[in-house]
Structure formats: structure tokens, C-alpha cells
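Structure record follows, encoded as C-alpha cells.
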Amino acid sequence: MSISKTYLPKETEEKWYSYWLKHDFFKSVPDEREPYTIVIPPPNVTGVLHMGHMLNNTIQDVLVRRARMKGKNACWVPGTDHASIATEAKVVAMLKERGISKKDLTRPEFLAYAWEWKDKYGGIILEQLKKLGASCDWDRTRFTMDEELSEAVIDTFIHLYKKGLIYRGIRMVNWDPQGKTAVSDEEVIRKEVNQKLYYIKYSVASDELPGSDETTGTTQHATGNYLTIATTRPETIMADAAICINPNDERYLHLHGKRVFIPLINREIPVILDGYVTMDFGTGCLKVTPAHDLNDYELGQKHNLPVIDILNDDGTLNEKAQILVGEDRFAARKKIAVLLEEAGALEKVEDYKSQIGFSERTDAVIEPKLSMQWFCKMEEMAKPALDYVLDGEVKLIPEKFVNTYRHWMENVKDWCISRQLWWGQQIPAWYLPNGKYVIAKNIEEALVEAQLIDAVLTIQDLTQEEDVVDTWFSSWLWPISVFDGFKDPDNADINYYYPTNDLVTAPEILFFWVARMIMAGHEFRGQAPFKNVYLTGIVRDKLGRKMSKQLGNSPDPIDLINQYGADGVRVGMLLCSPAGNDLMFDESYCKQGSGFANKIWNAFKLIKGWEVDENLKNPNAIAIEWFGSRFNQALGEIESDFEQYRLSEALMATYKLVWDDFCAWYLEMIKPVYLQPIDQATYIATVQFFENILKVLHPFMPFLTEELWHDELFGERTEKDCCIVAQLPNVGEINARLLSDVEIVKDVITSIRNTRKTKQIADKEPLELFVKTNTDINYQQYQAIISRLGNISQFSTAKDKVAGAINFLASTDEFYIPFNETVDPVAERARLEKEQEYLIGFLKSVNAKLTNERFMSNAKPEVIDIEQKKKADAEAKLTILEENLAALAG
RNA sequence: GGGAGUUUAGCUCAGCUGGUUCAGAGCAUCUGCCUUACAAGCAGAGGGUCACUGGUUCGAACCCAGUAACUCCCA
């Protein structure tokens, strides 16, 4: 049978994924084993896989697979989020294409279309995750609008309402005029935008009362004085309620107590004083527009100013504006500038950069707007949620996020939970004809409640609140609701799997998802929902730009998988992903990943090609013992990397173990000459090593390892004997002396190779080697290895220095390679003197320490020991160098 | 404007309690090899004022202060 020269991922990936599925390896049911649970951060149901998902899910899969191989009952719960705004927007767009307008549909009709859409496109992203190798328990797939999950949302709403944590009120919210809904602070993306700063003149009214203009002969409009304000939003002047100046601003002392006129509409407003105004911004005069700016709103509250809302829900001006009614806010801005100019009220226009909020979902410019919304009080819930993190019960990885988390939790604001949408859980509030409302699970229960208020009410008198709850109001329940922990709070699943172990997510949703899950966990289970939160970075391109559809700088993950194989892409992602730091993704990492897969494939090919001769003696005992030790050492390092969630380092340690130690050193030490058979002991040990390597590799590269696992090289396997469920080897004995000896042996080999290079001796030409030992290393033991890898024909011990030979040091042992050409004494002297000079300098610095009283009295004993050893080493080397120099002279 | 973070080789990052032989890795680069597992390879090499300026210390990439640049969060 011929084996392909390179690893071909396509052929194996689908085969093994369906094999794993068929044998239920991803499936988890509670048993006596220790559970290991991850709930997926549910991607948007209509979404497609992007690089952020790739990273996030690769990490989760690595963790889950590793836990499975450590004998835990691993359960990874997948699912999707209904993403109300995004999905509703997509459904509206789809309907528009079909010539249907949302406002012509009833709510049930619209929802029918939405479900149809969800059923058609909802599965895509989960199917894509399978391509990546995600070992989720697909039987547990949940959707945030599944019946049980929606019921949990309603029940928790009622629960929190009864606790007094949910209230209805008029608040300034972030209004998305395109989606026509309020959005949470977290869904507002601030971007720096080039704008214009308009300087507008407001004329100052005379001191006379409005209308009494006879005494001075001047009208209110003609005091001749005016003040100038600077604004980026001239279209909102009609909503102005006051002009505010800083009481300490001496430029405007004369305006205290005055009133001014809004240009164009000539409405009179007061000049108020407040330290809030920054004197050096703009002109120092601030127009106060309570209806259209959050800070102005607060200022208005403080000074009892009226709120004049001149905008419709879709961002057009309403009749309260008096002028430009019906115009969109941006069109109105342009037009009003012209009108102001014509009226002589526009002083100047400047370019100005400022931060503007955009809707994350629709990219429309957010409008601060006063509206009646539902809110959830946060302060009470935030406190315990903060404590979990501060006490370390929930660990944030990396830790630096604790500070950010604390800052947010200590300044938490109430959560606007209502959304003016249809796609989502409708708020369980029923309005009575008198405007009062009741909160109840369904209309029947609502009627009971309503009749307590007014006994004559019937079902027809009740109308349910139109709004749905914010999507996050369902996802914050996710770790509980996926195990049906609301309806059935004592069921076997929730008792077994909750709290989950690790949550892997992006830092951008630390607050609006992670923090709230901790709150919900505490509120409804009295326990945080997870123990560790691993925060991944944002995937950026080489230029540091966030990957996005708009920029078109994001590769299609499925294309990457097709090109480099799922294993290659997984390795590529992890190679460049330190926890919590953004990663500059570049395809070359995937190339490195697929190159690694190929390397493993070829090591396999080599071993597989060997013929065993049972009569041969084992010449490789040392090499085998060395690699066994090295493997255990690496295993320990990898284990500790995982404990600290240093995944890319765990991968790198694995990479080097396989590539350097196994392939470059071990296999080269033991591989028989071409077409020669191998002895049985070496063969068995090597196959065993390789199998263990496959296990260590499996979480990173599941497909390749499973493919190789089933090769006949490893003997017969039963149907269920798969790499995915193999148990990771335990860290075994480590022969430290052997490891350190072999490092010196490697030095010797490298020096031989180096000598060949500098003296231009072909690798093929065998050389003689002499060693004059000054240490207790038994080179006899390593003779075979050195001879093999250095191509040494004769390796012997010398009592004295070998004249006329090239020499080098390994540790403090002296090595000589006789060389038929004479060694250039001048160059050799220069080389030795350079080394001597360095050692003298080094020795000087060591001696400086050792003779420094304060060092000797302050430094730890082990540090002093090290320094003394350095000194001894350096002295020994110097002695040898001096002898060699003397020999050269003689 | 307020807060947090980052700055180490061309790139991406390690460097843990301040102390292993003048700071490490992977990739990239350069040189030499088509050596029967792998040229997607092998062997070797070069590459650093640890952002800058001070301070603490016997000793600083690491601790402290200040400066600069960048990133994120909040207003």
C-alpha cells in the first residue's frame, strides 16, 4: 500500500467526524465521573462563522477534548442566540425584497416569516462548527427562543418584577431610528467622525418682560447683543430649553439672569448657570437640549427645564420643531444651516472631530431619546456578582480584566431591557383600560390579577405590552436554561453540570453577557455559573484592523479549512493567540499549522516503513530512555501551561516536542540505515512513543491524530478504541542527569556540524573525534549517538591535547577533530583570544559579585551557589583556553 | 476629560518571587545541502540601547516616578 507523500486532510476530516458522531463520543449524560462543562457563547442564529468564532471555538474544543482525555465526563453544550435586532432586521430586509412591508403584517404573521427564516438559515453556523471539529453534544443544542428557554425568560421577568427589580419609566435611551428600537449602551459603537461645528448666534432679550418694548424703544429682538453657541447639531436648536454658562466665566457675567431667543423660531429661553459647562470648549456657551442629549437631560432635570422632543421615532422632525417638519435629521441639519446663514445667525462653521454612537446592529447613528421603557435595577445584583470575581470564585483569565470588571460593576447603571421589536420574548405585562398594568405569566393569570384591581374586567380589556425583552435578557440565563434549570431546578443535569467549568468568550462582552450571567447565576442558583472565564482577544488583520465584513479583510474560515485542513487552521489560530490580547491573524500561521500536520504525517511514514528483525539487539537503549524522559518532562510543561490557560504555549511545547525532540533528534538517533531492519525493542518503544504523541496532539489536531491512531502500525483496534477517548499518559519518571548529559551531547554534535560548515567539510565525509574529559560525563554511553549524528568514523578518548586538530569545548570537556590541512594559527589564536577575553570579562563580573559584601550578605544562598559554580566553570574553561593558546604558540 | 492596558529581534509573542554563562521561542531572513520520512525538508548562521529619562538596589527587561506612542473602556 502506498502512503501519500503529504497529509491530505480532506479525506480524513469528514470520515472521522461522522465516526465520532456515530459512536456518540460527544454525547454526555451524568454519571459517576467528574463533569467538565462548557456552554458555548451562542452565536447569532442567522450568523455565519467568522474568524472570532474560529478562535473561540477552537479553544473550547481543545479544552473539551483534553478534559475528555483526562477521564472527565466532558459536555460542551452548543446552541444559538435569537439576536432580536439583527435577526428582525434581516427578516425585514427579506420581506422587503419580496415586496412585503413589516407594517402591513400582524405580529403573528411577521413571526411566522421570522421562524421560517430561522429554520432555513439557523443551522448554518453550527454546521460550520462541525467542519472545525467542534466536539459539541449536538443532542443538547439549544436556541434562546426554544419553548423552555423563553418560559425561563418570562418567569425570571416576573420574579424580578416581584422583587421590585424591574420597573417602567421614562428615561433617556439610545434610540436606533432605523431599527426603531431602543438599544443598550453596550450595543452602541462609538466611532470618531468628521463633523462640522456650527457657531450660532442667539440674540439677547432686553430686560423688559416679553411684549413690553415701548419704554426703551428697542424691541426684545434688538438689544444688539447676542451670544454665540457652538454645536454639531443645529437641527436641534428648536428643542433648546436654555443656554448654560459657567458661573465663573467672566466673559459672560453680563448675561446672568438674561434670556435669549432661539434663531428662526424666536422662542425665548433662559440663560442658566452651571459649573458643568467647560469654559474652554467652543464659545463657553452651551445650548441645553434636554430631549436630545443625555447630559443636557440631566442638566434640564436639575434646573427644571421643559423637555421638548422634536424628533419622530424614525429620526424625522415633528411638528414641535415648527420648521422643517417631516425632514430627516441629517437633511434638516443641512437645511437649517442655510436658513441660519440667511437669517444672519450663523457666525461660522468649523471642522470638528467627535465621537458618535452607531447602532451595532443597523449602523444607524444613535439618537438619545426619551421614551417609556422597562428597566432592570442592577445595583443590588451587581454587588454579589462583583464579589465572586474579587474573591476569585470566578477567575478571569487573564487577570487584568478584574480591574475593568470592578470598575464597571461599581458604576453599573440600570439595564434598559425593553426593545421595540417583535422577534423575541414579549414582555409579560398586560395593560388595563385605565393605563395601569399587571405582570403575569399569561393572559389568564393576568386577568386574575387585573380583577383584583377592577373586578368587572374581562380578557378583552387586557392588552399585552408590545415590546420584547433585550436578547441579553435571555442569554444571561444560558448556563442555567440549557440544563432546564428554571422549570425543573433540581433535575439531574443541572445538578451535575452546573456550575460549568470554563467559559470562553470575547472581552467585549464581559459586561453585558459575562457579568450578567454571574448575576443571574447568583440570583437563581445561588452559585456563579462558571469557575473560569477565558477571555480571547479580537482577531485583527496584519495591519491591526479588526476583521469585519465591511472592510472585507476577513478570510472565510471555511475556505481556510479547505486550504489548510481543520487541524492546520486550529493550530494556526492557537499559535498566535495569547489570552486576552488581540491577535494579528495572518494566513501564514495556518500554513505553519498544515506544515506541522505534514511533519507528523511523515514521521508516521518513516516508522511505518520499518521492517523488524527480531534477532537484532537493541542498540538504542540510551536514546529510548532519553526520549522517554524528555517526553515526560514536556508532558509536565504542557500540563502546567494548560493549568494556567497558556494554550499557545502548550501548543508550542507540543510542537517542539514533536518536531525537535522526536523528529530531529530521537528519530535521527534510532533510524536504521536505508532498507535495513530495525530491532524489535526500539520498534516497540518508538511506536509507543508515537502513540503517546498522538494523544498529546489530539486536542489540537483531532483529525490527523484520529486518522493515524487507527493505522495497523498500532495493532488491532476495537470499534470504540479511538484517539478522542484515549486517556492522556501520566507524567512518568524523568532522568534529569540523562537529560542534561544529552544537552551536552547535542552541543557536541552541533559543534561537529559547525566545524564541518566552517571548514567546508561535506556531511558525507566521516571524521575522527577525540575527547579529553574534564567532567564525569561518560561519553562511552553516547558514542553511538555522537557518531551517528556527527558522522564520526572513530570516537576515542585522549589523555592529552591532540595537536594539529580542530578543537572545541562542550561544557568543560575538550574535543578534537584531526584535520589534514593545517589549522591556520593566526585565525585560531584570534578565535581563542576572543573567547578568552569574553570569559575574563565574565569572570570579573562574577568575582565582583562574590567579593561584594552586600551581595554575600543579602543574596539568597542558592543564588550564591550559582555564582560560585559560574566562577568555577569559567575558571576551568579559561585554563583550557590558556593551555590551548600555549600549545598554539609552542 | 476620567480609567485600564500595551511598548522586548523584521513579524507574533514568552520572560513566573529582581539573581542560572552579557535576554528566549516560533515565523521570516541569510548560507550550505535534491543526505531514500518530509525541499511543506535538513544543517548552520545572523538579528536586541528590553520605548525614553531619572530613581531604588550589591544587582533592574522586571520595582518606583516622570515622558512619549499606541490600544481599549467610560464620559
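Each chain gets a letter, A, B and so on, in the order the sequences are listed, and its residues count up from 1.
Note: CD1 (Ile864(A)) to P (U20(B)) measures 14 Å, nearest angstrom. Going from atom CD of Gln592(A) over to atom P of G26(B) covers 10 Å, rounded to whole Å. Straight-line distance from the CG atom of Leu713(A) to the C1' atom of A37(B): 13 Å, rounded to whole Å. Distance CG (Asp296(A)) to C1' (A75(B)): 13 Å, rounded to an integer number of Å. The distance between atom CG of Asn847(A) and atom P of G59(B), rounded to the nearest whole Å, is 17 Å. In this entry the distance linking OH of Tyr589(A) with C1' of A28(B) reads 10 Å, nearest Å. If you measure from atom NE2 of His407(A) to atom C1' of G3(B), you get 5 Å, rounded to the nearest angstrom. Spacing between atom NZ of Lys759(A) and atom C1' of C33(B) amounts to 20 Å, rounded to whole angstrom units.
In this structure, Leu839(A) and Lys877(A) approach most closely via the heavy-atom pair CD1-CB, 3.8 Å. The shortest non-hydrogen separation linking Gly537(A) to Leu55(A) is O-CD2, 3.9 Å.
Distances shorter than 4.0 Å separate some side-chain N or O of Lys671(A) from OP1 or OP2 on A37(B). Residue Tyr655(A) places at least one side-chain N or O under 4.0 Å from the OP1 or OP2 atom of C27(B). Residue Arg540(A) places no side-chain N or O under 4.0 Å from the OP1 or OP2 atom of C70(B).
Taking every side-chain heavy atom of Asn403(A) into account, G5(B) is the closest of G26(B), A37(B), G5(B). Listed candidates were A4(B), G19(B), C27(B). Nearest to the side chain of Val863(A) is G19(B).
Among the atoms of the strands shown, none is found under 4.0 Å from any heavy atom of Arg756(A). Within 4.0 Å of Phe596(A), counting heavy atoms only, lies no atom of the nucleic acid at all.
Within a 6.0 Å radius of CD in Glu379(A), no more than 12 heavy atoms belonging to other residues, nucleotides or ligands are found. The environment of NZ in Lys605(A) is crowded: more than 12 heavy-atom neighbours from other residues, nucleotides or ligands sit within 6.0 Å.
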CA sep, side-chain torsions, deciding dist, call: Trp665(A), Ile749(A), side-chain contact (heavy atoms from CB on, under 4.5 Å): CA-CA 11 Å; Trp665(A) 288 105; Ile749(A) 293 162; 3.9 Å; yes

Steps toward side-chain contact (heavy atoms from CB on, under 4.5 Å) verdict (Leu708(A), Leu713(A)): CA-CA 9 Å; Leu708(A) 297 180; Leu713(A) 178 68; over 6 Å; no

Derivation of the side-chain contact (heavy atoms from CB on, under 4.5 Å) call for Tyr405(A) and Leu390(A): CA-CA 9 Å; Tyr405(A) 181 85; Leu390(A) 294 184; over 6 Å; no

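Donor-acceptor pairing under 3.5 Å is lacking for the side chains of Ser811(A) and Asp813(A).
Comparing the same atom, C1', in A60(B) and in C64(B) gives a spacing of 11 Å after rounding to whole Å. Between A40(B) and G18(B), the distance separating the two C1' atoms is 43 Å to the nearest Å. Taking atom P on both nucleotides, C27(B) is separated from G44(B) by 14 Å, rounded to a whole Å. Look at the C1' atom in both U17(B) and G59(B): the space between them is 15 Å, to the nearest Å. The separation of G66(B) from G2(B), taken at their P atoms, amounts to 14 Å, rounded to a whole angstrom. Nucleotides A23(B) and G48(B) are separated by 13 Å at their P atoms, to the nearest Å. On the C1' atoms, C52(B) is 14 Å away from U8(B), given to the nearest whole Å. With both ends at atom P, the span from G41(B) to C50(B) equals 33 Å, rounded to whole Å.
Helical stems involving RNA chain B, defined as 3 or more consecutive Watson-Crick or G-U pairs under 3.5 Å, span B:1-7 with B:68-74, B:10-13 with B:24-27, B:29-33 with B:41-45, B:51-55 with B:63-67.
Comparing Leu675(A) and Met652(A), the nucleotide of RNA chain B nearest to each residue sits closer to the 5' end for Met652(A). Residue order along RNA chain B, read from the 5' end via each residue's closest nucleotide, puts Gln644(A) first among Ile538(A) and Gln644(A).
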Annotated protein contacts, base or backbone, on nucleotides 39-49 of chain B with a non-hydrogen cut-off under 4.0 Å, one of B, S, - each: SBSSBSS----

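For Phe627(A) and Phe689(A), the ring centers sit closer than 6.0 Å to each other.
Between Lys746(A) and Asp661(A) there is a salt bridge, with a side-chain nitrogen of the basic residue lying less than 4.0 Å from a carboxylate oxygen of the acidic one. Under the 4.0 Å criterion applied to side-chain N and carboxylate O atoms, Glu668(A) and Lys671(A) are assigned as salt-bridge partners.
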